[in-house]
Amino acid sequence: MGTKNIDRLPFEGFRRNAETVAQMQAAGWSVIAKCDTCRVALDVNLAFIAKASGPDTSLWNRRQRCKVVGCSGWVDFLGRHPRRASHEPLRAPWPEGVPARRTQAK
Ligand SMILES: [Zn+2]
């Protein structure tokens with residue numbers, strides 16, 4: 001593998017090989033979901049999502065309602081590549097010059 005500092009690479013470049021929950025799971029990503037209102041953060045079970053919603057489900061640029069009782073906030077997904085130091089919001093455009101995959105999350 002390269003010797004470049006992987007922490008300095010732009011995060012969106014990682015989307016290319018980790019678009020779906022199945023790809024993220026295979027690569028060893030850690031994903032958490034964090035509410036912007038109550039601040040509750042939960043581990044995201046990629047295997048469970050792959051089973052429940054399909055392995056092609058994508059968590060990029062996605063938000064969902066917080067499930068905490070009494071909270072009306074929104075949950076953001078944050079992912080950590082196994083060789084990166086911290087979780088970062090899964091918000092990125094599809095990388096330029098890469099053919100789009102048909103992986104629309106529902
Ligand atoms: Zn909440």
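Atoms within each ligand, like the ligands themselves, are counted from 1 in listed order. From a predicted model like this one, the values you see are computed outputs, not experimental measurements.
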* To do: Could you tell me whether Arg63 and Asp76 make a salt bridge, using a distance below 4.0 angstrom between a side-chain N and a carboxylate O?
  => yes

* Would a 4.5 Å heavy-atom cut-off, applied to side chains only, mark Ile32 and Leu42 as touching? -> no

* Do the non-hydrogen side-chain atoms of Phe11 and Arg84 ever get within less than 4.5 Å of each other? -> yes

* Asked: If you measure from CG on Asp36 to SG on Cys71, what distance do you get to the nearest 0.5 Å?
  -> 7.5 Å

* CZ/Arg16 to CD/Glu96 distance, rounded to the nearest 0.5 angstrom? -> 12.5 Å

* Structure fact -> Note: Pro93 and Arg15 closest approach over all heavy atoms is C-NH1, 3.5 Å

* Return the number of protein N, O or S atoms with a distance to the Zn ion (ligand 1) smaller than 2.8 Å. => 4

